[in-house]
Amino acid sequence: MSAVVSPVREPLVTGSKTYHQITEDICAPTERMPGFSFMLGMLFSLLMLGFGAFCMVWTIWKGIGSWDLNRTIGWGWDITNFVWWVGIGHAGTLISAILLLFRQKWRTGVNRAAEAMTIFAVMCAAVFPGIHMGRIWVSFFIFPYPNTRGPLWVNFNSPLLWDVFAISTYFTVSLLFWYTGLVPDLATVRDRASGMRKKIYSIASFGWTGAAKHWSRWESLSLILAGMATPLVLSVHTIVSFDFATSVIPGWHTTIFPPYFVAGAIFSGFAMVQTLMLIARKVLKLEDYITIAHIESMNKVILLTGTIVGVAYLTELFIAWYSGYVYEQFAFYNRAVGIYWWSYLAMMSCNVLSPQIFWFKKARRSVVITFIMSILVNIGMWFERFVIIATTLARDYLPSSWSYYSPTWVEVGDYIFTFGLFFTLFLIFTRVAPVVAIAEIKSILKSGGDQYVGFEAERKKKEALESGEYASQH
């Protein structure tokens, strides 16, 4: 009589890996010579960075008059891109901190790259408020420091100052969390290296030996930082939303902005993680560690947050109609059928309609569909920020000051600069540190490896029982 095999959880590590094989596979990209795909990607990133740097210098030298801002539209692509990059940086902290506290094992395949993405995305976001000031050399005025020129303090009532505190705190905690997780893996690379490379990794790993006391302190610090980072996931984009919500402009002055911005940030952040990890998974040959199970779990989060964003859009439209406030009604009518109707259509299509494909399991588990969707979601989230800013400001109370905003080549170049910076830093990261957390993958091997769980393990167990080997082994 054959045994009944019950459904079990899907493996998170495939290929029947041993601990040594895990080390070999994940350390390999940091030890071998870069391949053609890496060199091509780095060349493309450096070209974007170079052109963008020229546009940045142009902006600083000529002033923001080189942008297409005017008396009606004081914010354009710069603040749109700022909010978009901050949103992308949300997924790293969510995957690392919140999923760690909830002991979700599927985070271990993607958390390292997501944390790195957070650091780089926040650096890209920080570029835009600085150059938006016009006189970037007086950017120190945003920091509350005692001075000798009289009571010249920053305006603590300004949401833009709240951004400085929130994002700098977020960046600091995320950086500490990311580097703390790196320490054991840097020590692993150190032990395999020689010469100058070994000395560099020795300094970077802070003398890690893998002693029980080191692991105990490492786990305690990780939990403390996770506890600190968790409220930041909610607070950072909430404060960014206050840039709009605390104003009195119709279309902005709404209480739904904080939760709606947070959900949108997680939505776009997870999509960017998918984009990067699907490429890294293929190029770095990490299919056994970033599995279809990881991809499906992240697609479920994208579906959930995309649905929340869709509900927020519909809520805004309902409240504008229900309020009876003609200016609020006009703001949303103008977004939907005004001169920027195409951007509103792109936003609704990419953010609300397209993620619904993930209700189907085959779509959630398809690498091609997931990659296309991750691109569409980030396009849609960029258009969301553009719709909020440009369409609202283009039509104010005076029809005589109505205008149509479109970016200049300088603004486009400034945006390209951040892409060049982001991808250059990410590519360097893949060469100097393990993209997947070695220590954390090993910690879940016995509970998530395909030789221990899954239908394949059950099949082997069944065969062993039938042949009598299982009893002799156990």
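Values below: every heavy atom of this structure, side chains too, minus hydrogens, waters and symmetry copies.
Taking a cutoff of 4.0 Å between a charged side-chain nitrogen and a carboxylate oxygen, Arg112 and Glu440 do not qualify as a salt bridge.
With respect to Tyr415, the ring pair (Phe, Tyr, Trp, His ring centres under 6.0 Å) criterion is satisfied by exactly one of Phe82, Trp85, Trp77, Trp67: Trp77. A ring pair (Phe, Tyr, Trp, His ring centres under 6.0 Å) with Trp84 is found for one member of Phe419, Phe386, Phe422, Phe261 and no other, namely Phe419. Glu24 pairs in a salt bridge (charged side-chain N to carboxylate O under 4.0 Å, His left out) with only one of the listed residues (Lys285, Lys17, Arg32, Arg192), which is Arg192.
Aromatic rings of His237 and Tyr260 (six-membered ring for Trp) have centroids beyond the 6.0 Å cut-off, not under it. Checked against a 6.0 Å centroid threshold, the rings of Trp75 and Trp252 count as neighbours.
Listed for the Ser220 side chain is a donor-acceptor partner under 3.5 Å among the backbone atoms of Ser216. Side chain of Ser66 to backbone of Lys62: no donor-acceptor contact under 3.5 angstrom is found. Between the side chain of Ser349 and the backbone N or O of Ala346, no donor-acceptor pair lies under 3.5 Å. His253 places a side-chain N or O within 3.5 Å of a backbone atom of Ser247 that can act as its donor or acceptor partner. With hydrogens and angles disregarded, no donor-acceptor distance shorter than 3.5 Å links the side chain of Asp185 to the backbone of Val183. A side-chain donor-acceptor contact under 3.5 Å links Gln21 to the backbone of Thr18. With Asp288 contributing its side chain and Val13 its backbone, the two residues share no donor-acceptor pair below 3.5 Å. Side chain of Arg364 to backbone of Phe358: a donor-acceptor contact under 3.5 angstrom is found.
Listed by chain and residue number, Trp208, Trp215, Trp218, Ala439 satisfy the side chain to side chain contact (heavy atoms under 4.5 Å, CB included) test with Pro184 (two or more places apart in sequence, or in another chain).
Considering every non-hydrogen atom in both Ser241 and Pro258, the closest pair reads OG-CA, 3.4 Å. Looking at every heavy atom in both residues, Ala113 comes nearest to Met277 through CB-SD, 3.1 Å. Of all the heavy atoms in Met56 and Asp414, the pair that sits closest is N-OD1, 3.4 Å. Taking every heavy atom of both residues into account, Phe177 and Ser96 meet most closely at CE2-CB, 3.2 Å. Heavy atoms only, all atoms of each residue included: Gly89 and Thr118 are closest at O-OG1, 2.9 Å. Shown here for Ala166 and Val236, the closest heavy-atom pair between the two residues is O-CG2, 3.9 Å.
Here Leu284 contributes atom CG and Ile279 contributes atom CD1; the two are 10.5 Å apart, rounded to the nearest 0.5 Å.
Judged purely by distance below 3.5 Å, without hydrogens or angles, the side chains of Arg190 and Ser205 pair a donor atom with an acceptor atom. The closest side-chain donor-acceptor pair between Tyr289 and Asp25 falls under 3.5 angstrom. Neither side chain, Asp191 nor Tyr201, offers a donor N or O lying under 3.5 Å from an acceptor on the other. A donor and an acceptor atom, one from each side chain of Lys282 and Ser37, are nowhere located under 3.5 Å apart. Thr275 and Asn378 share no side-chain donor-acceptor pair at under 3.5 Å. Asp243 and Trp162 share no donor-acceptor pair across their side chains, judged by distance under 3.5 Å alone. With hydrogens and angles left out, the side-chain atoms of Thr418 and Asn81 include no donor and acceptor closer than 3.5 Å.
Within a 6.0 Å radius of CH2 in Trp359, other residues, nucleotides and ligands contribute 12 heavy atoms or fewer. Within 6.0 Å of atom CH2 in Trp409, more than 12 heavy atoms from other residues, nucleotides or ligands are found, so the atom counts as buried in its surroundings. Counting heavy-atom neighbours within 6.0 Å of Tyr19 OH, excluding the residue itself, gives a total above 12. Heavy atoms from other residues, nucleotides or ligands lying under 6.0 Å from OH of Tyr179 number more than 12. Within a 6.0 Å radius of CE in Met228, other residues, nucleotides and ligands contribute 12 heavy atoms or fewer. Residue Arg431 places its CZ atom among more than 12 non-hydrogen atoms of other residues, nucleotides or ligands, all under 6.0 Å distant.
The aromatic rings of Trp178 and Phe120 stand perpendicular to each other, their planes meeting at an angle above 60°, with 30° marking the opposite boundary. Between Phe257 and Phe244, the ring-plane angle classifies as perpendicular under the 30° and 60° cut-offs.
Looking only at side-chain heavy atoms (C-beta outward), Ile295 and Thr291 stay at 4.5 Å or farther from each other. Side chains of Arg335 and Tyr340 form no contact here, defined as non-hydrogen atoms less than 4.5 Å apart. Two residues are said to be in side-chain contact when any heavy atoms from C-beta on lie closer than 4.5 Å; Tyr405 and Leu393 fail this criterion. Looking only at side-chain heavy atoms (C-beta outward), Phe429 and Leu425 stay at 4.5 Å or farther from each other.
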### Task
Start with the C-alpha gap between Glu296 and Arg365, add the side-chain angles, then the distance that decides, and say whether salt bridge (Lys or Arg N to Asp or Glu O under 4.0 Å) holds.
CA-CA 5 Å; Glu296 184 178 16; Arg365 298 178 69 84; 2.7 Å; yes

### Query
Between Met42 and Ile428, is a side chain to side chain contact (heavy atoms under 4.5 Å, CB included) present by the stated rule, with each step listed?
CA-CA 9 Å; Met42 180 60 79; Ile428 292 172; 3.8 Å; yes

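Within the structure, salt bridge (Lys or Arg N to Asp or Glu O under 4.0 Å) pairs that include any residue of residues 194-210 do not occur (at least two apart or interchain).
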